[in-house]
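The structure under discussion appears below in the form of structure tokens.
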Amino acid sequence: AAGVVQEGKPGQALDALITNAVKLKQMASPVRDVDVSDADSAISHMENVIKLRESGSLGIRIGIPEFDVCLPQGIYPGHFGVLLAYPAIGKSWIMAWLAVKAWRAGKTAMIFSLEMTEEEVRDRIYTIIGNGYFSHRKLSSGNVDLEDFKRWHKNTFSGMPPIHIIAADSGAVTPSVVQGKIDQYRPDIVFLDYLNLMSSNEKADSETVKMKQLSTQLKVLAKNTRVPIVAISSATPDDATDMNSAPMLGQVSWSKQISYDADWLIALGREANSSVLVMIFRKNRHGMLGEFALDVDFDKGQFGYIRMPD
């Protein structure tokens, strides 16, 4: 690495250093053991779980009946969740909505955005928190009363945890970079927008290999840090004329490894010019499958719950 720096290539040196550090950590990572017949260990664990549940710290609950029934522990530490949809459905908006839900529950959220600038994501967060107080179009174009905004911001964020937004160019974010930001900010939940614009820790010969490596590395990262990671993934349609319905599990773009590694996967669908966004659990390692819908107004940042017919 030092030789590469001397050659005037600090970026390559940093990449090599990160890759070697990841390999070293993989070799040195401790494994954990538990004896099923050890009653004291089991009771100690259950006592801790009960304390977490009673304090509201067991997992992040969303407040949507079907969502919380399907994930009875909430979005739990170590979970790797995936939001799957075709383009222009509202994936990034739903991710921001989930981040605000976590924030309202007193959790520190961290969002990686590879599609939008940090300011664009922040405007969406403000719009959702405002819940009709702002027009997203006006807010993003600077058409606001600054004194009113200052008062709103002070009243809204006083005593609340931060929401960290990290924006980067496509390919600049790897699981190692995510690990570094987790170490820096200690978030309670991480959102990635989106997988297809990230890179794996090691160089890959193809997009399929990259996505396979990336998925596994993110799952391991979530488990090792005990921080839930929720990532957006694009879908590959079987029928190019249907880009509105919720995709199936096997339609994850580039690598099915994403669906294998995910603890839960929610597919999103929305008909053209419709405000109704359908969310369907296609996989759930920790509970039942279910579905629900939201009546969304992206400009006002409002997401109304719609109970699906039995």
Side-chain angles (χ1 to χ4, degrees), residues 60-64 67 75 81 83-168 181 185 187-194 197 228 230-234 244 266 268-279 292-306:
I60 299 171
R61 299 177 70 83
I62 300 304
I64 299 294
F67 191 101
I75 303 178
L83 302 176
L84 177 68
Y86 302 124
I89 296 296
K91 301 186 294 296
S92 297
W93 276 102
I94 290 297
M95 181 202 69
W97 173 71
L98 289 173
V100 170
K101 284 285 189 180
W103 174 80
R104 290 194 187 281
K107 307 297 184 181
T108 297
M110 184 165 69
I111 301 170
F112 283 83
S113 175
L114 284 80
E115 269 198 316
M116 297 179 287
T117 67
E118 57 271 37
E119 292 86 3
E120 289 173 321
V121 179
R122 184 175 59 191
D123 285 344
R124 291 190 176 195
I125 294 292
Y126 286 160
T127 304
I128 295 169
I129 292 175
N131 192 30
Y133 192 82
F134 299 111
S135 158
H136 179 255
R137 291 192 300 270
K138 291 182 178 180
L139 186 65
S140 58
S141 63
N143 186 8
V144 293
D145 183 309
L146 281 181
E147 291 304 315
D148 179 62
F149 177 79
K150 290 177 183 178
R151 286 191 297 271
W152 174 86
H153 195 282
K154 181 179 180 180
N155 293 335
T156 300
F157 287 93
S158 177
M160 294 296 288
I163 301 175
H164 299 289
I165 302 171
I166 295 95
K181 288 299 181 181
Y185 290 118
D188 297 300
I189 187 168
V190 173
F191 297 91
L192 305 175
D193 186 10
Y194 63 102
L197 294 180
V230 179
I232 291 175
S233 175
S234 60
N244 301 318
I266 298 177
L268 313 179
R270 182 168 62 92
E271 293 297 325
N273 301 316
S274 172
S275 65
V276 178
L277 194 152
V278 177
M279 303 180 68
F292 61 97
L294 298 173
D295 186 5
V296 299
D297 185 329
F298 295 132
D299 186 55
K300 293 182 179 179
Q302 295 178 322
F303 297 74
Y305 165 65
I306 301 176

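A quick note: this is a predicted structure, and the numbers were derived from the prediction, not measured.
Judged purely by atom type and a 3.5 angstrom limit, Arg137 has no side-chain atom pairing as donor or acceptor with the backbone of Asn143. One N or O on the side chain of Arg270 and one on the backbone of Ser274 form a donor-acceptor pair closer than 3.5 Å.
For Phe134 against Tyr126, the heavy-atom pair with the smallest separation is CD1-O, 3.8 Å. Smallest separation of non-hydrogen atoms from Ala109 and Phe191: CB-CE1, 4.3 Å. The minimum heavy-atom distance between Ile232 and Met95, with the atom names listed, is CD1-CB, 3.9 Å. Closest approach of Asn244 to Tyr86, counting heavy atoms only: N-CD1, 4.1 Å. Residues Glu118 and Ala167 share a closest heavy-atom pair of OE1-CB, 3.2 Å. Of all the heavy atoms in Leu197 and Glu115, the pair that sits closest is CD1-CG, 3.7 Å.
Residue Ser141 holds its OG atom at 9.5 Å from NE2 of His136, rounded to the nearest 0.5 Å. Summarising the geometry, atom CG belonging to Asp145 is positioned 6.5 Å from atom CZ belonging to Arg151; distances are rounded to the nearest 0.5 Å. With rounding to the nearest 0.5 Å, the separation of CD in Glu120 from CG in Asp123 is 8.0 Å. Leu268 contributes atom CG, which lies 9.0 Å from atom CG of Leu294 (distance to the nearest 0.5 angstrom). Lys300 contributes atom NZ, which lies 12.5 Å from atom OG1 of Thr127 (distance to the nearest 0.5 angstrom). The line from CG of Asp188 to CD1 of Ile60 is 6.0 Å long, rounded to the nearest 0.5 Å.
For the pair Tyr133/Leu139, no side-chain contact is recorded, criterion being any heavy-atom separation below 4.5 Å from C-beta on. Side-chain contact between Ser92 and Arg124: present, with at least one pair of heavy atoms (C-beta onward) separated by less than 4.5 Å. Between Val276 and Glu271 the shortest side-chain heavy-atom distance does not fall below 4.5 Å. For the pair Ile94 and Met279, the minimum side-chain heavy-atom distance is below 4.5 Å. Taking 4.5 Å as the limit, every side-chain heavy atom of Tyr194 sits out of range of all side-chain heavy atoms of Ser233.
Applying the ring pair (Phe, Tyr, Trp, His ring centres under 6.0 Å) test to Phe303 and every residue at least two apart in sequence or in another chain returns Trp97.
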Q: Would you sort out whether Ile125 and Trp103 count as a side chain to side chain contact (heavy atoms under 4.5 Å, CB included), showing the intermediate values?
A: CA-CA 10 Å; Ile125 294 292; Trp103 174 80; over 6 Å; no
(Q) Using the rule given for side chain to side chain contact (heavy atoms under 4.5 Å, CB included), can you reason through Ile62 versus Ile75, listing the C-alpha separation, both sets of side-chain angles and the distance that settles it, and then say yes or no? (A) CA-CA 8 Å; Ile62 300 304; Ile75 303 178; 4.2 Å; yes
Q: Begin from the C-alpha positions of Met110 and Ile166 and carry the test side chain to side chain contact (heavy atoms under 4.5 Å, CB included) through to its verdict.
A: CA-CA 8 Å; Met110 184 165 69; Ile166 295 95; 3.4 Å; yes
Q: Kindly indicate, with the supporting measurements, whether the criterion side chain to side chain contact (heavy atoms under 4.5 Å, CB included) is fulfilled by Lys91 and Leu83.
A: CA-CA 7 Å; Lys91 301 186 294 296; Leu83 302 176; 5.6 Å; no
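For Ser113 and Asp193, the side-chain atoms include no donor-acceptor pair closer than 3.5 Å.
A salt bridge links Glu147 to Lys150: at least one charged side-chain nitrogen sits closer than 4.0 Å to a carboxylate oxygen.
Ring orientation note: the planes of Phe298 and Trp93 are close to parallel, at an angle under 30° on the 30°/60° scale.
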